Amino acid sequence: MRDQEILFRLIRSALGGQQPYFGTTPIEASRWWTLFRLAQRGRVAALTSLAVAEIDIPRDVKIPWLAEREKAASWYRYQEEVQQEVVKVMERRLIDTLVLKGTTLAQYYPQPELRQFGDVDLYFYARHDEADDVARRELGVGILDNSHHHTKYDLRGVTIESHRDFLNRRYPRSNRALEATLKKMAPSANFEVLYLLRHLGVHFAAGRITLRDVTDFYLTCRTHHSDINWPVVQDVIKRSGMLPFAATLCTIIERRFEYRIPITFPVYIIGNDTAERVETDVVYGSHYSDDSHVDGLARLPWKVRRWFACRWKRRLVYSDSEASLLFASLTSHLAKPRSILHKV
């Protein structure tokens, strides 16, 4: 049994409570360490600890795996506390706040604190600049403005991303029409599934998504299944050029979670091995999956190599031509030059 099969079975077990079955051949102790590291990398170590607690695996890997649960829970509680501090400050100023991803998606998990996440993403509708001014004055933070669609600041060790838009409207160009659609829909179940899909697509096309991301999409679709207007969602997906990427995620989710997302697509829209290739990339990643280790002048040639390596991914996510994507990327970076040599 392959690593991804075992990991998805652990995730399903954690979500549904049933004990996972791995066949009759015992899994070697050294391989459990590999699986643990892949779970950590995929941001599902805390979630899968629910399943690991119920199975017999070597003690030396089981103890640190189970410890991931309390680490994640502690960090979640702290992030939620900081998030609420910001939301309450905005409430006093009558500024509406929409929480993106993060604690919103965590509510779909059996225990919210098991969803591991990093930044807190907040959207203040048409009052972004005012919200940043309030944060600066009342929270005493310094605002960084190195990204097109959000500013960010650090509040007691938690990074807050303050969104002026849901998407980067400069890259790719197709984001502009989708951004307008999302702003009309928010907040709603339709908005949530479309925003999450595009967000995952952007990250996938630029490098990688994780096992947690696939789980997020599955749980969002399942939780809001009866609230989503699926024909409307499908139409937006098609017009935005995301149907191949959506079809790939649907295929993986149907195979691994036995849940069918009601998005229809021609069988030929993705190749026979596309879902397998994407799933492998989700689990193992590549040299271009994480850019946190590359900074300064070394980042420029690395980004060029990543651009060519991720071409197949962009074809799944965007309908924009390669020339259009390249031009939009260059102009976007030139408008925010710090992003050329640094992670922002």
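These numbers come from a predicted model, not from an experiment.
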For residues [X] and [Y], determine if any side-chain heavy atom of one lies less than 4.5 Å from a side-chain heavy atom of the other.
| X | Y | answer |
| --- | --- | --- |
| Asp3 | Arg31 | yes |
| Ile160 | Val82 | yes |
| Met242 | Leu178 | yes |

[atom1]/[X]: more than 12 non-hydrogen atoms of other groups inside 6.0 Å:
| X | atom1 | answer |
| --- | --- | --- |
| Asp56 | CG | no |
| Phe265 | CZ | yes |
| Leu334 | CG | yes |
| Gln107 | CD | yes |
| Arg173 | CZ | no |

Can a donor-acceptor pair be found, under 3.5 Å and without considering hydrogens, that links the side chain of [X] to the backbone of [Y]?
| X | Y | answer |
| --- | --- | --- |
| Gln79 | Gly118 | yes |
| Ser329 | Leu326 | no |
| Arg176 | Arg169 | yes |
| Arg43 | Asp213 | no |
| Thr48 | Ala45 | yes |
| Gln116 | Ala72 | no |
| Thr223 | Thr220 | no |
| Thr104 | Val99 | yes |
| Ser188 | Met185 | yes |
| Glu80 | Thr103 | no |

Salt-bridge present ([X], [Y]; N to O < 4.0 Å):
| X | Y | answer |
| --- | --- | --- |
| Arg212 | Asp216 | yes |
| Arg77 | Glu81 | no |
| Arg239 | Asp235 | yes |

Are the aromatic ring centres of [X] and [Y] under 6.0 angstrom apart?
| X | Y | answer |
| --- | --- | --- |
| Phe257 | Phe8 | yes |
| Tyr171 | His333 | no |
| His149 | His163 | yes |

Distance check, rounded to the nearest 0.5 Å: [X] atom [atom1] versus [Y] atom [atom2]?
| X | Y | atom1 | atom2 | result |
| --- | --- | --- | --- | --- |
| Arg127 | Ile95 | CZ | CD1 | 4.5 Å |
| Glu91 | Thr97 | CD | OG1 | 7.0 Å |
| Ile261 | Leu249 | CD1 | CG | 7.0 Å |
| Arg93 | Glu138 | CZ | CD | 4.0 Å |
| Asn168 | Arg198 | CG | CZ | 10.5 Å |
| Asp281 | Arg208 | CG | CZ | 7.0 Å |

Indicate, with yes or no, if [Y] and [X] share a hydrophobic cluster defined by side-chain heavy-atom contacts under 4.5 Å among Ile, Leu, Val, Met, Phe, Trp and Tyr.
| X | Y | answer |
| --- | --- | --- |
| Ile252 | Tyr218 | yes |
| Phe117 | Tyr195 | no |
| Leu194 | Ile253 | yes |
| Leu122 | Val141 | yes |
| Val87 | Leu105 | no |

When the ring planes of [X] and [Y] are compared, do they come out parallel, tilted or perpendicular, using 30° and 60° as the limits?
| X | Y | answer |
| --- | --- | --- |
| Trp230 | His225 | tilted |
| Trp32 | Phe22 | perpendicular |
| Phe204 | Trp312 | perpendicular |
| Tyr123 | Phe166 | tilted |

Identified side chain to side chain contact (heavy atoms under 4.5 Å, CB included) counterpart of Lys101 within the set Asp119, Val120, Asp121: Asp121
Heavy atoms only: give me the nearest [X]-[Y] pair and the separation to one decimal.
| X | Y | result |
| --- | --- | --- |
| Ala247 | Ile269 | CB-CG2, 3.9 Å |
| Leu197 | Ala246 | CD2-CB, 3.9 Å |
| Tyr125 | Pro187 | OH-CD, 3.7 Å |
| Ala205 | Tyr318 | CB-CE1, 3.8 Å |

Ignoring hydrogens and geometry beyond distance, is a side-chain donor-acceptor pair present between [X] and [Y] at under 3.5 Å?
| X | Y | value |
| --- | --- | --- |
| Ser339 | His148 | no |
| Thr280 | Arg2 | no |
| Asp145 | Tyr153 | no |

Might you work through the side chain to side chain contact (heavy atoms under 4.5 Å, CB included) test for Arg41 and Tyr284, ending with a clear yes or no? CA-CA 8 Å; Arg41 187 174 187 178; Tyr284 296 103; 5.6 Å; no
